J.: 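Pasting in a structure now, in structure tokens, and then I'll have a few things to ask.
For clarity, every value in this text was computed on a predicted model and none was experimentally measured.
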Amino acid sequence: MKYGEKSKEALLRKVEELRQSEEKYRLIAENTSDLVAIMTFKGTYTYISPSHRHLGYAPEDLLGKNGLNMIHPEDKKRFLPLLKQYLALSSVKMMRKKVKDLSEKVEYSFPDKSGKWHMMEATVNLVKSVTGTGYEILIISRDITGRKLVEKALKESEAMYRTIFENTGTATVLIEEDMKISMVNAELEELTGYPRKEIEGRKSVLDFVDSEYTDRVKENHRLREIAPEAVPRNYEIKIRNRKGDVRDVYLTVAMIPGTTRSIAALLDITELKRSEEQLKRQKELLDNTNKALEHKLEELEKAAGHIKRLEGLVPICVNCKKMRVKEKDPKDPGAWVPLERYLSEHTEASLTHGLCPDCVKKLYGETFKDRKEG
């Protein structure tokens with residue numbers, strides 16, 4: 001084969017490769033969901049991907065139109081410097097500069113065919129023209145309105161929950177899968193005595209838990225990911241602050257849905273526990289005092305059982321001095337008993353019999369008189 005024939009064959013292969021490459025990229029441009037467009041440095045569309053319906057526009061609706069005049073005026077201010085920069089670059093020896101290095105991403109607002117504004121994201125590139133004599137602006141853009149709305153909602157949601165997180169009034173901490181602390185609020189700083197910059201991303205939950213409760217906290221954290229129903233949501237533990245002081249806390253922990261992270265709220269109940277202990281001791285003291293009083297009361301009741309007293313008005317016969325039993329009928333002769341019997345039955349006194357001097361004289365006066373004279 002002659003040299004000229006070899007060159008011709010190589011040229012044909014090169015042309016075929018270029019044709020196939022052009023066909024491949026043409027298919028990509030015409031079937032992509034993004035808008036592929038080429039515009040001049042003044043902003044006029046010279047090419048629109050044929051099959052694309054960009055925000056309700058057909059290709060012919062945009063071809064020959066000035067795209068810069070259609071975007072929002074505020075966004076046009078950001079586009080113009082970029083096009084001027086590209087225009088300046090196109091006038092120098094661009095053969096020394098890789099075109100792929102000249103790529104920018106720009107966000108802008110663009111109206112659909114009904115006039116409603118949409119947020120767009122465009123990748124802007126400086127490319128060689130088809131004729132190879134100059135450069136053009138290649139724009140690949142997509143509608144990001146939905147994404148922006150989601151991002152806005154997420155930011156608002158994040159701002160709301162961060163506000164709640166910071167102002168809940170309870171020490172709160174965000175815990176990662178490896179038990180590292182990724183976020184704390186001001187209440188947690190106050191409880192532990194550490195500033196957040198020394199906690200977030202640096203310390204583990206176990207750095208604060210008292211050694212008595214370390215194993216329990218680790219096991220609960222492990223089970224919370226695989227069997228959350230088997231783990232108590234609330235329980236009491238002890239922690240140590242920066243000074244080494246032990247604090248009693250009431251812990252509430254919950255997994256964040258769809259993640260391996262958990263959020264914990266710590267309520268300092270140290271003073272409450274101390275008050276409970278003091279009340280417990282006071283109750284024990286009161287119980288012991290009550291028991292002692294009950295014992296004394298029993299002793300007094302037993303002593304009172306041996307004491308009988310005569311109280312109130314006691315009926316007595318003015319003549320024979322018999323006493324009447326109060327519970328009986330005064331007309332009943334049996335209701336009247338001798339004085340000594342009455343006293344024996346109604347008091348603890350034991351009576352003995354004797355005679356007073358007057359009665360001796362009255363009963364035995366003559367006898368004693370004779371004895372005295374004799």
Side-chain angles (χ1 to χ4, degrees), residues 15-92 94-95 97-156:
V15 169
E16 179 61 21
E17 289 175 0
L18 288 172
R19 187 192 67 78
Q20 291 179 2
S21 177
E22 181 183 356
E23 178 67 15
K24 178 176 67 175
Y25 288 110
R26 183 184 67 80
L27 289 171
I28 292 174
E30 292 183 359
N31 293 280
T32 181
S33 59
D34 295 339
L35 169 68
V36 179
I38 293 177
M39 66 166 50
T40 67
F41 288 101
K42 292 183 178 180
T44 302
Y45 287 117
T46 59
Y47 172 82
I48 299 291
S49 45
S51 62
H52 191 77
R53 292 295 181 269
H54 183 61
L55 303 179
Y57 297 103
E60 56 269 22
D61 295 328
L62 297 175
L63 280 172
K65 299 287 181 65
N66 190 303
L68 294 180
N69 292 335
M70 298 180 71
I71 68 177
H72 196 279
E74 291 297 322
D75 299 324
K76 186 177 180 179
K77 295 177 182 179
R78 290 188 285 128
F79 252 105
L80 287 174
L82 179 62
L83 295 183
K84 288 180 180 179
Q85 176 190 358
Y86 278 11
L87 178 61
L89 290 171
S90 68
S91 64
V92 300
M94 290 301 299
M95 297 301 292
K97 184 76 175 178
K98 292 182 179 180
V99 173
K100 66 180 181 180
D101 292 339
L102 300 173
S103 178
E104 298 283 345
K105 275 192 176 181
V106 184
E107 291 184 3
Y108 60 98
S109 297
F110 198 93
D112 62 19
K113 200 166 184 178
S114 67
K116 181 181 178 181
W117 290 98
H118 290 250
M119 282 299 300
M120 308 296 295
E121 180 184 70
T123 303
V124 184
N125 294 274
L126 183 63
V127 296
K128 290 181 180 180
S129 64
V130 177
T131 61
T133 58
Y135 291 89
E136 296 174 311
I137 303 296
L138 172 66
I139 297 178
I140 302 174
S141 61
R142 61 202 59 85
D143 188 351
I144 60 170
T145 305
R147 190 184 82 191
K148 283 294 182 180
L149 290 174
V150 171
E151 288 177 356
K152 181 182 178 183
L154 285 174
K155 286 181 180 178
E156 291 175 349

J.: As a quick check of understanding, evaluate side chain to side chain contact (heavy atoms under 4.5 Å, CB included) for Met120 and Asp143, giving each step before the final call.
T.: CA-CA 5 Å; Met120 308 296 295; Asp143 188 351; 4.0 Å; yes
J.: Given side chains that start at C-beta, do those of Val36 and Leu138 come closer than 4.5 Å, heavy atoms only?
T.: yes
J.: Can you tell me if Tyr108 uses its side chain to pair, donor with acceptor, with the backbone of Met119 under 3.5 Å?
T.: no
J.: Glu107: which residues meet the side chain to side chain donor-acceptor pair (under 3.5 Å) condition with it, sequence neighbours left out?
T.: Lys148
J.: Can you measure from OG1 (Thr40) to CD (Glu136) and round to the nearest 0.5 angstrom?
T.: 8.5 Å
J.: Which heavy atom of Phe110 sits nearest a heavy atom of Tyr45, and at what distance?
T.: CE1-OH, 4.0 Å
J.: With rounding to the nearest 0.5 angstrom, report the CG to NZ distance, Asn125 to Lys105.
T.: 10.5 Å
J.: With the side chain counted from C-beta on, respond yes when Ile139 and Leu35 share a heavy-atom pair under 4.5 Å apart, and no when they do not.
T.: no
J.: Which distance, rounded to the nearest 0.5 Å, do you find between the CG of Leu55 and the CG of Asp61?
T.: 11.5 Å
J.: Taking only Lys NZ, Arg NE, NH1 and NH2, and the carboxylate oxygens of Asp or Glu, determine whether Glu151 and Arg147 approach each other closer than 4.0 Å.
T.: yes
J.: State which residues pass ring pair (Phe, Tyr, Trp, His ring centres under 6.0 Å) with His118; sequence neighbours excluded, sorted by chain then number.
T.: none
J.: Would you mind reporting whether Tyr57 and Met70 have side-chain heavy atoms less than 4.5 Å apart?
T.: yes
J.: Would you call Ile137 and Ile38 a side-chain contact if the rule is heavy atoms closer than 4.5 Å?
T.: no
J.: Using modelled atom types only, decide if a donor and an acceptor are shared between the side chain of Asp75 and the backbone of Ser109 within a distance under 3.5 Å.
T.: yes
J.: Given side chains that start at C-beta, do those of Arg142 and Thr123 come closer than 4.5 Å, heavy atoms only?
T.: yes
J.: Would you say Ile48 and Glu60 make side-chain contact, with heavy atoms under 4.5 Å?
T.: no
J.: Once you round to the nearest 0.5 Å, how far does CD1 of Ile144 lie from CG of Leu149?
T.: 10.0 Å
J.: What pair of heavy atoms forms the shortest contact from Pro59 to Ser49, and how long is it?
T.: CG-O, 3.7 Å
